[in-house]
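Order of appearance sets the numbers: ligands from 1, and atoms from 1 within every ligand. Positions are given from 1, in the same order as the sequence printed here.
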Amino acid sequence: MLTGAGISAESGVPTFRDSDGLWEGHRPEDVATPEAFDADRGLVQRFYDERRAALARVEPNAAHRALADLEAELGDDLLLITQNIDDLHERAGSQRVHHMHGELRAAWCRACDVRIPWERSLADEPPCPGCGIAGLRPDVVWFGEMPYGMDEIHRALFSCDLFVSIGTSGVVYPAAAFVDYAIAGGSETLELNLERASNSDFHVSRQGPATELVPAWVAELTTAEATA
Ligand code: BJW
């Protein structure tokens with residue numbers, strides 16, 4: 001299972017590539033890079049500070065909750081990989097969430113290479129609690145950086161029975177290629193999205209808002225499992 005910005009859209013978290021989702025007028029490809037951070041650290045730190053603070057004003061929606069219910073049924077048979085850096089899956093009750101692009105509520109010290117939970121601002125360049133150096137950045141994955149946990153993800157993709165992609169545009173790699181890896185491994189594939197993604201190799205694609213499609217699909221699946 002892969003989720004993207006679309007699953008959090010109805011909670012009020014802006015997506016990246018929808019009409020109102022631009023990064024202060026920039027394409028994410030131009031600013032979500034370590035080079036952009038080095039060029040204008042204040043801008044990037046403020047942007048993430050604002051998004052971290054905004055988490056307090058949003059709530060998980062019916063799609064997040066349905067996936068938490070599904071995890072309660074399937075346990076370790078469900079691997080929930082999210083590209084999102086918000087914590088709405090966890091707040092809905094999911095316990096095994098793999099944040100491949102990092103998390104807003106975490107910081108990474110570039111000086112001592114530790115990753116720590118972080119709730120406050122980073123724009124004022126606070127010292128790292130570990131080494132005391134002001135080297136903290138958001139613990140998120142920018143273009144040109146390696147997403148987290150790719151070995152585990154690849155193993156799961158090549159061995160799963162069903163790969164489901166929810167609310168992601170399919171333009172950012174490596175996540176955009178997951179459907180192809182799953183198909184290569186013999187999996188069925190399903191897309192749930194407002195609009196078809198650009199990597200539309202899925203066996204089945206359903207269009208609509210996540211808060212409708214995801215609970216309906218989870219209900220179908222759990223009913224089918226109960227009667228099997
Ligand atoms: C709804 C809805 C509703 C709306 N209900 N649905 C040339 C070719 C191929 C690859 C490359 C290339 N040049 C460079 C690359 C690699 C590059 C890349 O992909 N570039 C592309 C732009 C071409 N990738 C990387 O650099 C990655 N690293 C990497 O590749 O390392 C090497 C490697 C090699 C081999 C294996 C593994 C690794 C790193 C990518 C990091 C992306 N980082 C960001 C920022 C994270 C921090 C932050 O959040 O600020 O991640 S960018 C941004 O895009 C963010 C997202 O996670 C990511 C994906 O966005 P997402 O979730 O798809 O959102 P949107 O807005 O695009 O789409 C929303 C979707 O929701 C739409 O489909 C709507 O229809 C839908 N929707 N409302 C249901 N209510």
Side-chain angles (χ1 to χ4, degrees), residues 1-24 26-37 43-52 54-55 58 60-64 66-67 81-89 98-108 122 137-155 157 164-181 190-200 202 205-217:
M1 168 94 50
L2 172 71
T3 64
I7 197 167
S8 296
E10 291 163 87
S11 291
V13 180
T15 62
F16 294 90
R17 294 171 186 82
D18 295 329
S19 54
D20 59 348
L22 296 173
W23 250 42
E24 301 189 352
H26 303 285
R27 293 185 314 148
E29 292 84 341
D30 295 334
V31 287
T33 66
E35 292 78 17
F37 181 68
L43 170 78
V44 177
Q45 296 280 36
R46 279 196 306 281
F47 177 70
Y48 282 94
D49 280 356
E50 284 165 19
R51 287 172 67 192
R52 194 180 303 106
L55 286 183
V58 297
N61 63 46
H64 299 104
L67 295 187
I81 305 161
T82 186
Q83 297 170 88
N84 300 342
I85 62 174
D86 66 53
D87 59 355
L88 294 179
H89 282 303
H98 183 109
H99 284 272
M100 65 177 287
H101 290 164
E103 294 179 70
L104 264 175
R105 286 185 159 145
W108 171 30
L122 286 171
R137 57 163 268 189
D139 186 12
V140 300
V141 178
W142 288 321
F143 288 106
E145 299 180 328
M146 184 63 82
Y148 294 138
M150 288 307 301
D151 289 346
E152 183 190 357
I153 291 175
H154 282 145
R155 275 196 298 277
L157 288 169
V164 185
S165 173
I166 302 171
T168 176
S169 56
V171 300
V172 175
Y173 288 83
F178 288 177
V179 59
D180 297 322
Y181 299 152
L190 167 68
E191 174 186 37
L192 305 175
N193 202 337
L194 203 54
E195 297 168 359
R196 262 177 187 273
S198 49
N199 57 340
S200 52
F202 296 89
S205 180
R206 297 182 184 173
Q207 275 72 60
T211 54
E212 292 177 15
L213 293 186
V214 178
W217 169 71

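- For Phe47, the closest heavy-atom approach to ligand 1 does not fall below 4.0 Å.
- The side-chain hydrogen bond (donor to acceptor under 3.5 Å, both in side chains) contacts involving residues 144-153 comprise Arg115-Tyr148, Arg137-Glu145, Asp139-Tyr148, where partners must be two or more places apart or lie in separate chains.
- The shortest N or O to N or O distance between Phe143 and ligand 1 is not under 3.5 Å.
- Heavy-atom proximity to atom 78 (N) of ligand 1, evaluated over Leu194, Leu213, Val214, is greatest for Leu194.
- Looking at Ala5, Gly102, Pro174, it is Ala5 that brings a heavy atom closest to atom 62 (O) of ligand 1.
- A donor and an acceptor atom, one from each side chain of Ser8 and His64, are located under 3.5 Å apart.
- With a heavy-atom cut-off of 4.0 Å, Glu145 touches ligand 1 through its backbone alone.
- Considering both main-chain and side-chain atoms, His154 never comes within under 3.5 Å of ligand 1 through any nitrogen or oxygen pair.
- Among the atoms of Val140, none of the N or O lies under 3.5 angstrom from an N or O of ligand 1.
- When only interatomic distances are considered, the shortest N/O to N/O separation between Asn84 and ligand 1 does not fall below 3.5 Å.
- Between Ala210 and ligand 1, a contact under 3.5 Å exists for at least one N or O pair.
- Aromatic ring orientation, His154 versus Tyr181: perpendicular (interplanar angle above 60°, classes split at 30° and 60°).
- Considering Arg17, Glu10, Gln83 only, the shortest heavy-atom separation from atom 60 (O) of ligand 1 involves Arg17.
- Asp49 meets the salt bridge (charged side-chain N to carboxylate O under 4.0 Å, His left out) test with Arg52; sequence neighbours excluded.
- For Ala9, every heavy-atom contact with ligand 1 shorter than 4.0 Å involves the side chain, none the backbone.
- Residue Pro147 places no N or O, backbone or side chain, under 3.5 Å from any N or O of ligand 1.
- Of the polar atoms of Tyr173, at least one N or O is found under 3.5 Å from an N or O of ligand 1, judged by distance alone.
- Note: an N/O pair closer than 3.5 Å links Gly144 and ligand 1 by distance alone.
- The option from Thr211, Asn193, Val13, Ile7 that lies nearest to atom 72 (C) of ligand 1, judged by heavy atoms, is Asn193.
- Once rounded to the nearest 0.5 Å, the distance linking CG of Asn84 with CE of Met100 reads 11.0 Å.
- For the residues Ser169, Pro28, Ser165, the heavy atom positioned nearest atom 67 (O) of ligand 1 is part of Ser169.
- The shortest N or O to N or O distance between Leu192 and ligand 1 is not below 3.5 Å.
- Considering backbone and side-chain atoms together, Phe16 places an N or O closer than 3.5 Å to an N or O of ligand 1.
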